Student: 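This structure is in structure tokens; I'll ask about it shortly.
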Amino acid sequence: MTDVTQTCLVLDIGGVLEFTPDTGWVQRWEERLELPRGTVHARMHDIWRAGSVGGIGERDVHEAVASRLELDAPQVEAFMADLWTEYLGTPNEELIDYIRGLRGRCRLGILSNSFVGARERETTLYRFDELVERIVYSHEIGIEKPDPRAFDAACAALDVRPEDCLFVDDAAVNVEAARAVGMQAHLFEDNARTITRIEAHLAAGPLAPAAPNPSGRTRSGRPLPSGA
């Protein structure tokens with residue numbers, strides 16, 4: 001990791017940069033297929049899990065949907081279109097516009113629990129690749145928040161120290177996990193409070209370099225990687 005301290009902001013996507021309310025698409029499909037409530041997730045749970053950590057590809061997902069729900073090709077396409085409509089939601093335009101104005105003031109990144117195919121679709125719709133410097137997706141690194149390694153991966157991708165990063169997420173468990181690895185963290189509830197917290201973080205600037213740690217362990221108690 002770099003010796004130069006730099007202020008950094010890392011954001012979640014769903015519930016922060018995107019608004020993703022429940023659209024009821026799963027229930028509609030269960031009604032259409034005359035399946036008991038909960039059947040879709042029961043049959044597809046392991047596929048959803050594998051797709052979130054990159055264990056399978058999009059073609060595998062489509063094949064599993066077809067076989068497990070007994071859908072023909074047009075139905076599979078319609079089913080997956082409904083999935084992506086809810087997944088992608090709508091953009092949080094106010095926050096996105098604000099983040100766009102931060103380029104040059106700090107390092108910017110995204111850390112998102114995701115699903116195979118998310119990068120391509122979010123790039124096309126929202127151009128997140130132009131909004132921040134690095135995007136770390138769970139389906140590409142094989143690790144989901146709140147696993148500490150996910151936060152380590154985001155810091156490594158941006159070449160910054162955890163203590164100089166503010167992480168913003170709408171899930172309290174992920175906020176606490178970020179703090180546990182030494183990051184500063186903020187629970188997203190609305191744009192106004194989030195922007196106020198980010199401005200305070202930027203005004204404070206990076207922390208002074210820490211004194212040498214003879215124990216070879218981080219503040220979270222995890223061993224430092226070799227050569228760090």
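Computed from a predicted model, the values in this text were never measured in an experiment.
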Student: Does Q75 have any side-chain hydrogen bond (donor to acceptor under 3.5 Å, both in side chains) partners at least two apart in sequence or in another chain, and if so, which?
Tutor: none
Student: For V160, is there any backbone N or O sitting under 3.5 Å from a side-chain donor or acceptor partner on Q6?
Tutor: no
Student: Got a donor-acceptor contact below 3.5 angstrom from the K145 side chain to the A150 backbone?
Tutor: no
Student: Taking the side chain as every heavy atom from C-beta outward, state whether L166 and M183 have any pair of such atoms under 4.5 Å apart.
Tutor: no
Student: Mind checking whether W25 and E30 have side chains closer than 4.5 Å, heavy atoms only?
Tutor: no
Student: Measuring only between side-chain heavy atoms, which start at C-beta, is Y126 closer than 4.5 Å to L17?
Tutor: no
Student: Do I198 and L102 pass the side-chain contact (heavy atoms from CB on, under 4.5 Å) test, and can you show the C-alpha distance, the side-chain angles, and the key distance before you say yes or no?
Tutor: CA-CA 10 Å; I198 293 171; L102 296 182; 4.0 Å; yes
Student: Looking only at heavy atoms, what is the nearest atom pair of A178 and F167, with distance?
Tutor: CB-CD2, 3.6 Å
Student: So does L95 get a backbone contact from the side chain of R100, meaning a donor-acceptor N/O pair under 3.5 Å?
Tutor: no
Student: With the side chain counted from C-beta on, respond yes when N92 and N191 share a heavy-atom pair under 4.5 Å apart, and no when they do not.
Tutor: yes
Student: Please check if any side-chain donor atom of H201 sits under 3.5 Å from a side-chain acceptor atom of T7, or the reverse.
Tutor: no
Student: Is L187 linked to Y98 within one hydrophobic cluster, defined over Ile, Leu, Val, Met, Phe, Trp and Tyr using a side-chain heavy-atom separation of less than 4.5 Å?
Tutor: no
Student: What residues form a side-chain hydrogen bond (donor to acceptor under 3.5 Å, both in side chains) with N113, not counting sequence neighbours?
Tutor: none
Student: Salt-bridged, R134 to D129, with N to O below 4.0 Å?
Tutor: no
Student: R197 and Q184: side-chain hydrogen bond (donor to acceptor under 3.5 Å, both in side chains), yes or no, with the steps?
Tutor: CA-CA 11 Å; R197 178 65 183 89; Q184 301 175 59; 3.3 Å; yes
Student: Tell me if the centroids of the rings in Y87 and F115 come within less than 6.0 Å of each other.
Tutor: no
Student: Taking salt bridge (charged side-chain N to carboxylate O under 4.0 Å, His left out) as the definition, give me every residue that meets it alongside E199, ordered by chain and number, with sequence neighbours left out.
Tutor: R105
Student: How about CD on E34, more than 12 heavy atoms from neighbouring residues, nucleotides or ligands closer than 6.0 Å, or not?
Tutor: no
Student: Quick one: which residue pairs count as a salt bridge (charged side-chain N to carboxylate O under 4.0 Å, His left out) with a foot in residues 69-78, not counting sequence neighbours?
Tutor: none
Student: Do any pairs count as a salt bridge (charged side-chain N to carboxylate O under 4.0 Å, His left out) and have a residue in residues 174-189, sequence neighbours left out, and if so which ones?
Tutor: E176-R179, E189-R193
Student: Could I get the full list of side-chain hydrogen bond (donor to acceptor under 3.5 Å, both in side chains) partners for R121, not counting sequence neighbours?
Tutor: E58
Student: Check whether any side-chain heavy atom of I56 lies under 4.5 Å from a side-chain heavy atom of I47, and answer yes or no.
Tutor: yes
Student: Checking side-chain hydrogen bond (donor to acceptor under 3.5 Å, both in side chains) for the pair H139/S52: CA distance, chi angles, key distance, verdict?
Tutor: CA-CA 5 Å; H139 76 274; S52 70; over 6 Å; no
